[in-house]
Each structure stands twice: as structure tokens, then as C-alpha cells.
Amino acid sequence: MAGRATNLALLVLLPAAAASGAATFLVGGGTVGLVVIAHGVLGLTLLVLVPWKSIIVRRGLRRRRADQLMSVILATGVVAALATGLAHSTGLLIGAAGVSALQVHVAAALLALVPLLVHVRHRRARVRRTDLSRRNLLRMGLLLGAGSASYGALEVIAAGLSLPGARRRASGSYERSSGKPDGMPTTSWLLDEIPSIDSASWRVSVRSGGVRREWSVAEIRAVGERTSAILDCTGGWWSRQEWSGVRLSTLLPPGATGSVEVTSATGYRRRLPLTDDLLLAVDVSGTPLSPEHGAPARLVVPGRRGYHWVKWVTRVEHDHRRWWVQVPFPLQ
Ligand code: HEM
Ligand code: HEM
Ligand SMILES: Nc1nc2c(c(=O)[nH]1)N[C@H]1C(S)=C(S)[C@@H](COP(=O)(O)O)O[C@H]1N2
Ligand SMILES: [Mo]
């Protein structure tokens, strides 16, 4: 494949890989499996291009341009993302020293995007109308075919060798300590810290229309609604537990529609649609939540990724705003 075609393919594939990766975090429920497969195929298609790109890199490095350091940073980020993606998906190295392969994966991928802009700008890859020729589209199809074949082969090998990767969920996550909440990892999205809270005097404020009401932990526990649900963290693990407390639909006026904004004592917040089966949990597996898992009360959101499961809930506000009008990912 010619150098120009290789670079243009990379220009399309790298942003597509990053976008589909982010999409694996955004969608929950049944769709996530398809997005994860699409992401794997795009990532492996990038890998297929390595032999061709190597020729360009060797030639380019001989020319000693001023911004070559940027190209090297770009290459390092992409190679690191490919390596950690495969380490996680095969299960050969899910994490080490308290850092998961997926955390490094996402960081490396995001870090590669800035040098990519510099790299492309300085190498003037003006996209021409003729780049969309039938021949180039066919090439892209063949490449994606090779990427898909690699993906399939990898899954077959993982199953054949009984690699840990063969046991991951459709989201790509690995099971941890289901039914035993003590062994469940504790996670914060970015830098949120466990607040110190006195459960006895704790109140959750629930507002709907103009009406506000406060609920104590004892009142919530007395309702005793329960659900068995899977917490699936984007850090690459999942855990099924029996959660109990009160459904938000029970706290709100009968038949309430629209959305709720659920806020933590730390300021961390998420907005969610009332079509979800939202539970405000105070107990897990029949015992009170521990502080690190969100005591006195945390949100349980079956079918959505872990970062929606707000811990240390202090406020629930109901209105009719569209739930998805919010920052796609929390900022703390
Ligand atoms: C430079 C951009 C990226 C590249 C080249 C890349 C590449 C890869 C590759 C090759 C895999 C292994 C696929 C498999 O064998 O199933 C993978 C897995 C994964 N990536 Fe990425 N990725 C990128 C960005 C991202 C981003 C930005 C995210 C999330 C925000 C992400 C999330 C994931 C997840 C969750 C998996 C695990 C999926 C599984 O276990 O099947 N990736 N990635
Ligand atoms: C996965 C993404 C990419 C990586 C890791 C990467 C890496 C590199 C490296 C290390 C070099 C050699 C050093 C240098 O010339 O600065 C290089 C050269 C080059 N890259 Fe990329 N690149 C990527 C994507 C792209 C894209 C999207 C384009 C353009 C659309 C592009 C265009 C070029 C050109 C034209 C050269 C050759 C420069 C010359 O021969 O003087 N690259 N690339
Ligand atoms: N207030 C607050 N709630 C939060 C987070 C956070 O950082 N702050 N992290 C979320 C993420 S990313 C996950 S995966 C789960 C982790 O819950 P656990 O620590 O009980 O396992 O909590 C979610 N709720
Ligand atoms: Mo998470």
C-alpha cells in the first residue's frame, strides 16, 4: 500500500478508534457489546497497518525534521494504547501496582490525539476529492476486513487457550467478588475522595415540583426495596450485588416522568432518566454500605456504567430536562 494511502487510513482510523473507545463508556445495556467489538476491530485494523507505516517512519526519521519528537510521542502513545488494549482484552495483564491496563490505555490514547494534530498539520496531508475513489474505499474495506479477521482470530485463540480474556463480559470487564461486597474494588472516577459522614444525622433531600422532603437512612431502610444489579466500572471490572433501599420512583410523585439530578456530598453529580430503574441503596448483601462504597446512601443504576452510580448521595432533584444534556463524563 502506498505511503499516502497508509497515512490517510491512519488519519481516519485513529480518531475513529478513540471515538469508539469513548462510546464503549457512554452506552450501557445490550448495545455496549457491539460497540466494544467495533472498537476492537478498529484498533486491530490500526495494528494491521504497522508494516506499511514502518516504511514511512524509517524514511521520515532519516530526514531529521524539527518536530520529530512529536512524531515519536505520537508513536509511543499509539503503541502503548495498542499494547494495553490487547493486554486487557486477552487478560494477560489486567493491571499492576494498583493501575489497570485500561486506565493506561485510555490515558495513552487521549495523549496521542494532540501530537496527531501537530503531526498531520506539519505534513500537509490535504485530503483530496480523489481520495474518496472507489479504489481507496475498497482498500479501506479490505483493511477493516483484515482487522475483523484479526479480532475473530484473537477471540478464538483466547477461547482455545482458556485465556482470562475469554471470561470477560460484553463490555470487556472482568468479574470481581460478586455477592461479597467486602472484596469489591473501591473506585473513584477521577479524584473524588471519601467524605466523613455521620449516618445517624444524614438526610437525603428529594425535590419534585415545588415540594422538598428529607429522608433519613432509617426511613429509607424501612422501605426495603431491593434489586440484584451489576456494577460495571469503566476501569475494567464488574461485580453483581444485592442492593436494597428505596426506588426513586417511590420517593417521587406517582407516575413522575422526566429526569433526576443526583448529587453527592462531594459535589459529584449525574442526571439520569426516570425510565431507568433507579434505586437509592443503603444496604448491600443485607449489611449497611461501607463508607468507601457510598455510605450512607448510593445510587444503583442497572444497565449503566459505574460512573453513574453516585456515592454519598445527599440530594435528588426531579424536573423535565433531557437527561443527556450534561457533561458526558464527570469532571471530578
Ligand atoms: C488511540 C486510540 C485507541 C486505540 C488504538 C485502541 C485500541 C484498542 C485495542 C487494540 C483493544 C483490544 C481489542 C480486543 O482485542 O478486543 C482495545 C480495547 C479496549 N479499548 Fe481501546 N483503543 C483506543 C482508545 C480507547 C479509548 C479512548 C477508550 C475509552 C475511553 C478505549 C477503551 C477500550 C476498552 C474498554 C477496551 C476493552 C475491550 C475488550 O476487552 O474487548 N480505547 N483498544
Ligand atoms: C497512528 C498514527 C501515526 C503515527 C504513530 C505516526 C508516526 C510517524 C513517525 C514516527 C514518523 C517518522 C518521523 C517523522 O517524520 O516525523 C512519521 C512520518 C510521517 N507521517 Fe506519520 N504517524 C501517524 C499518522 C500519520 C498521519 C495521519 C499522517 C498524515 C495524514 C502522517 C503523515 C506522515 C508523513 C507524510 C510522514 C513522512 C515524513 C517524511 O518522509 O519526511 N502520519 N509518522
Ligand atoms: N461521588 C462519587 N460517586 C462515584 C464515584 C466518584 O468518584 N464519586 N465513582 C463512580 C465510579 S467510576 C464507580 S465504578 C463506582 C464505584 O463504586 P465502588 O467504589 O462502590 O466500587 O462509583 C461511582 N460513584
Ligand atoms: Mo468506574
Side-chain angles (χ1 to χ4, degrees), residues 10 13-26 32-33 35-47 74 77-91 94 100-103 105-113 116 147 150-155 157-158 165 168-174 176-177 181 184-195 231-239 241 262-270 281 284 289-295 298-301 304-314 328-330 332:
L10 289 173
L13 284 170
L14 196 66
S20 61
T24 69
F25 288 5
L26 287 172
V32 69
V35 182
V36 165
I37 292 173
H39 177 65
V41 167
L42 287 167
L44 291 172
T45 305
L46 268 170
L47 198 63
L74 165 63
V78 173
V79 170
L82 288 171
T84 48
L86 291 169
H88 173 88
S89 71
T90 54
I94 299 166
S100 72
L102 268 189
Q103 284 169 327
H105 182 69
V106 175
L110 296 182
L111 233 83
L113 289 178
L116 180 69
S150 315
Y151 184 87
L154 205 61
E155 290 292 302
I157 292 169
R168 67 202 203 286
R169 224 178 155 232
S171 65
S173 296
Y174 292 90
R176 295 279 298 273
S177 201
M184 199 171 76
T186 64
T187 309
S188 71
W189 172 254
L190 291 177
L191 301 164
D192 221 5
E193 284 182 29
I194 304 169
L231 173 51
D232 190 338
C233 175
T234 52
W237 59 270
W238 67 269
S239 188
Q241 308 293 344
V262 180
T263 307
S264 166
T266 63
Y268 185 102
R269 68 188 70 195
R270 288 275 87 197
V284 58
L289 290 171
S290 61
E292 57 273 24
H293 290 308
R298 79 157 324 149
L299 196 63
V300 170
V301 194
R304 280 189 212 275
R305 301 305 290 269
Y307 64 90
H308 293 289
W309 296 45
V310 182
K311 298 193 275 192
W312 317 297
V313 172
T314 164
F329 299 113
Q332 72 187 70

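Note that the structure is a prediction, hence the values are computed from the model and not measured. Order of listing sets the numbers, starting from 1, for every ligand and every atom in it.
Nearest to atom 4 (C) of ligand 1 among the protein's heavy atoms is A17 CB, 3.9 Å. Among protein heavy atoms, atom 8 (N) of ligand 3 sits closest to D192 OD2, 2.7 Å. Among all protein heavy atoms, the one lying closest to atom 16 (O) of ligand 1 is Y151 CE1, 3.2 Å. Looking at atom 1 (C) of ligand 1, its nearest protein heavy atom turns out to be L14 CD1, 3.5 Å. Looking only at heavy atoms of the protein, atom 24 (C) of ligand 1 is closest to A109 CB, 3.4 Å. With respect to atom 37 (C) of ligand 1, the closest heavy atom belonging to the protein is H88 CD2, 3.7 Å. Shortest contact from atom 23 (C) of ligand 1 to any protein heavy atom: H39 CE1, 3.4 Å. In this structure, atom 24 (N) of ligand 3 lies nearest to the protein heavy atom W309 O, 2.9 Å. Given atom 9 (N) of ligand 3, the protein heavy atom at minimum distance is W189 N, 3.4 Å. Looking only at heavy atoms of the protein, atom 23 (C) of ligand 3 is closest to G306 O, 3.2 Å. In terms of protein heavy-atom proximity, atom 5 (C) of ligand 1 is closest to L46 CD1, 3.4 Å. In terms of protein heavy atoms, atom 26 (C) of ligand 1 is closest to G21 CA, 3.7 Å.
Considering SG of C233 and CE of M184, their distance stands at 10.0 Å, rounded to 0.5 Å. Between atom OG1 of residue T314 and atom OH of residue Y268 there is a gap of 16.0 Å, rounded to the nearest 0.5 Å. To the nearest 0.5 Å, the span separating CD1 on I94 from CH2 on W237 amounts to 13.5 Å. One finds the NE2 atom of H293 at 12.0 Å from the CH2 atom of W309 (value rounded to the nearest 0.5 Å). Taken to the nearest 0.5 Å, the CG atom of D192 stands 4.5 Å off from the CD atom of Q332.
Contacts between L190 and ligand 3, counted as non-hydrogen atom pairs separated by less than 4.0 Å, are absent for every part of the residue. Looking at L47 against ligand 1, nothing comes within 4.0 Å, counting heavy atoms. Only the side chain of Y268 comes within 4.0 Å of ligand 3, judged by heavy-atom distances. Of the heavy atoms in M184, only side-chain atoms (C-beta onward) come closer than 4.0 Å to ligand 3.
The main-chain N or O of T24 is found under 3.5 Å from a side-chain atom of R305 such that the two form a donor-acceptor pair. With hydrogens and angles disregarded, a donor-acceptor distance shorter than 3.5 Å links the side chain of W312 to the backbone of P291. Formation of a donor-acceptor pair under 3.5 Å by the S188 side chain with backbone atoms of E193 is not found in this model. Judged by distance alone, with hydrogens and angles left aside, the side-chain atoms of H88 form a donor-acceptor pair with the main-chain N or O of G172 at under 3.5 Å. Side chain of T84 to main chain of A80: a donor-acceptor pair is present (N/O by atom type, distance under 3.5 Å, no hydrogens or angles). Remark: side-chain polar atoms of K311 are not paired, donor with acceptor, to backbone N or O of S264 under 3.5 angstrom.
Comparing H293, R176, K311 by heavy-atom distance to atom 4 (C) of ligand 3, the nearest is K311. If you check each of G77, G165, G43, A158 against atom 10 (C) of ligand 1, the one with the closest non-hydrogen atom is G43. Looking at A87, G85, P15, A19 and measuring to atom 12 (C) of ligand 1, the nearest heavy atom belongs to G85. Comparing heavy-atom distances from atom 43 (N) of ligand 1 across R168, R169, H105, E155 singles out H105 as nearest.
The shortest N or O to N or O distance between P185 and ligand 3 is below 3.5 Å. Considering backbone and side-chain N/O of W237, none are found under 3.5 Å from N/O of ligand 3. Considering backbone and side-chain N/O atoms, R298 comes within less than 3.5 Å of an N/O atom of ligand 3. Between S89 and ligand 1, at least one pair of N/O atoms sits closer than 3.5 Å.
Shown in contact with G172 at under 4.0 Å from a heavy atom are these atoms of ligand 1, numbered in order with element: 39 (C), 40 (O). In the vicinity of S264, heavy-atom distances shorter than 4.0 Å reach the ligand 3 atoms 1 (N). Of all atoms in ligand 1, listed by their number and element, those nearer than 4.0 Å to a heavy atom of V36 are 38 (C), 39 (C), 41 (O). Here is the list of ligand 3 atoms found below 4.0 Å of a heavy atom in Y307: 10 (C), 11 (C), 12 (S). Those atoms of ligand 3 with a heavy atom of E292 less than 4.0 angstrom away are 19 (O). Taking a cut-off of under 4.0 Å to the non-hydrogen atoms of T266, the atoms of ligand 3 that pass are 1 (N). Listed by atom number, the atoms of ligand 3 under 4.0 Å from C233 heavy atoms are 14 (S). Atoms of ligand 1 lying under 4.0 Å from any heavy atom of L154, numbered from 1 in the order shown and given with element: 15 (O). Heavy-atom proximity to L231, at under 4.0 Å, picks out these atoms of ligand 3: 17 (O), 21 (O). Residue-ligand proximity, G40 to ligand 1, at heavy-atom distances under 4.0 Å covers atoms 13 (C).
Annotation: side chain of L47 is in contact with side chain of L86 (closest heavy-atom distance under 4.5 Å).
By the 4.0 Å heavy-atom criterion, A18 is counted among the residues contacting ligand 1. Not a single heavy atom of V78 sits closer than 4.0 Å to an atom of ligand 1.
Exactly one of L13, I37, L14 qualifies for a side chain to side chain contact (heavy atoms under 4.5 Å, CB included) with L42. That residue is L13.
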